Amino acid sequence: MSGTKEIKTHIQSVQETRKITSAMYLISSTKLRKARQELDNTRPYFEALRGEIRRIFRTTNSVDSRYFYPTEEESPMDGTYGCLVITADKGLAGSYNQNAIREAMHLLEQHPDMKLFVVGEYGRRFFAQRKIPIEHSFLYTAQNPTMARAREISALLLDGYDRGELKKIFVVYTDMANAMSFQARSTRLLPFHRSYFEEAPPAQEAKPFEFLPDMRSVLDNMMPSYISGYIYSALIDSFCCEQNARMAAMDSANQNAEKLLGELSLEFNRVRQAGITQEITEVSAGAKAQKNNHRR
């Protein structure tokens, strides 16, 4: 059985660890609120951009664009695919990183020649340790997603897509369904389905618009901005899910620390009581021995 000194040291160690996990919980909570606010500030622009793309397809569905499947039925595309994998820079976030990596590995099994574009130190280490080649690794941290970084990622992916090196582009990120649950998913970024932008016609049909120089040029000019917004949304969603997962992990650690402290306190009291009882017994035995010696 451990002595009181060892138990007291263990209690102090758990208390110090609890201070760290509590601080990490508060930091993640602050980062989560900030990231959501930044996404809400930029969302109206990209929603309006999507609305304008819908307007074009309401005008005519036969417009041709390299960013969309042809109007006829979708056919399989042979060639090299690209995949943007979004992970965190560190662990301590439950199964957040493992779920994203698992989704990326599933895509690699289906398309072994897929080129990987990785955001986050965790993903870089994972693929490097397994000798899986990475086409491009974005070395900036995943802790601060910005629109400028989303445009940089978008420009690199679109460059490979426009040159024909990438036939399809996928994004593996973590989507937050609500405040309590999130799920890693793989979404095809390019090419888009036309049905993604189709919607029921409005009750009052708007006046026709004139597109200069033509619809295709307008659409091709709008899509890079929309793709940048899509990637930015994926970065923010993944970042929010990471902070949410870390908050859950730290909250669980705090609860376990409270439980462990209760058990250690109970054990400490038992050991201390046993020591006190033993001391009383020794004093009583010594007094009794002295009394017997005096009688003799």
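Treat the numbers as computed from the prediction; the structure is a model and nothing was measured.
Here T21 pairs with N254 under the side chain to side chain donor-acceptor pair (under 3.5 Å) rule; sequence neighbours left out. Residues that satisfy the side chain to side chain donor-acceptor pair (under 3.5 Å) test with N256, not counting sequence neighbours, are absent from this structure. Under the rule for a side chain to side chain donor-acceptor pair (under 3.5 Å), E135 has no partner lying at least two apart in sequence or in another chain. Qualifying side-chain contact (heavy atoms from CB on, under 4.5 Å) partners for L261, counting only residues two or more places apart in sequence or in other chains: I11, V14, Q15, R18. In this view, Q110 and H106, L107 satisfy the side-chain contact (heavy atoms from CB on, under 4.5 Å) rule, not counting sequence neighbours. D162 is linked by a salt bridge (Lys or Arg N to Asp or Glu O under 4.0 Å) to R66, counting only residues two or more places apart in sequence or in another chain. Here I20 pairs with M24 under the side-chain contact (heavy atoms from CB on, under 4.5 Å) rule; sequence neighbours left out. By the salt bridge (Lys or Arg N to Asp or Glu O under 4.0 Å) test, K8 is found to be paired with no residue, residues two or more places apart in sequence or in another chain being considered. Qualifying side chain to side chain donor-acceptor pair (under 3.5 Å) partners for S217, counting only residues two or more places apart in sequence or in other chains: D214. Evaluation of the salt bridge (Lys or Arg N to Asp or Glu O under 4.0 Å) rule for E16 yields K19 as partners, not counting sequence neighbours. With sequence neighbours left out, the salt bridge (Lys or Arg N to Asp or Glu O under 4.0 Å) criterion links R151 to no other residue.
Here the side chain of T30 pairs a donor or acceptor atom with the backbone of L26 at under 3.5 angstrom. When atom types are taken as modelled, the side chain of S233 and the backbone of G229 share no donor-acceptor pair closer than 3.5 angstrom. Here the side chain of T17 pairs a donor or acceptor atom with the backbone of S13 at under 3.5 angstrom. Looking only at distances, a side-chain donor or acceptor of R188 sits under 3.5 Å from a matching main-chain atom of P191. Although no hydrogens or angles enter the test, the distance criterion places no donor-acceptor pair under 3.5 Å between the side chain of S186 and the main chain of V171.
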Contacts under 3.5 angstrom, residues 91-102 side chains, donor-acceptor by atom type, not counting sequence neighbours:
| unit_1 | atom_1 | unit_2 | atom_2 | d |
| --- | --- | --- | --- | --- |
| S95 | OG | N99 | ND2 | 3.2 |
| Y96 | OH | S238 | O | 3.0 |
| N97 | OD1 | A88 | N | 3.0 |
| N97 | ND2 | K90 | O | 3.2 |
| Q98 | NE2 | Y122 | OH | 3.2 |
| N99 | OD1 | R102 | NH1 | 2.8 |
| N99 | ND2 | S95 | O | 3.2 |

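Rounded to the nearest 0.5 Å, atoms CG (L84) and NE2 (H136) are 10.5 Å apart. To the nearest 0.5 angstrom, I231 atom CD1 is 11.0 Å from E152 atom CD. With rounding to the nearest 0.5 Å, the separation of CD in E165 from OH in Y81 is 16.0 Å. To the nearest 0.5 Å, atom CE of residue M247 and atom CG of residue D251 are 8.0 Å apart. Atom CD1 in I169 sits 6.0 Å away from atom CG in L189 (nearest 0.5 Å). With rounding to the nearest 0.5 angstrom, the CD atom of E267 is 9.5 Å from the CG atom of L260.
Under 4.0 Å is where a charged nitrogen must lie from a carboxylate oxygen, and between R124 and E121 at least one such pair does.
In this pair, F68 and F192 present their aromatic rings tilted. The plane angle is within the 30 to 60° band.
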Test side chain to side chain contact (heavy atoms under 4.5 Å, CB included) on L116 and L108 and set out the steps. CA-CA 9 Å; L116 294 177; L108 277 174; 4.0 Å; yes
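Contact of the M223 side chain with the L158 side chain is not registered, since no non-hydrogen atoms from C-beta on lie closer than 4.5 Å.
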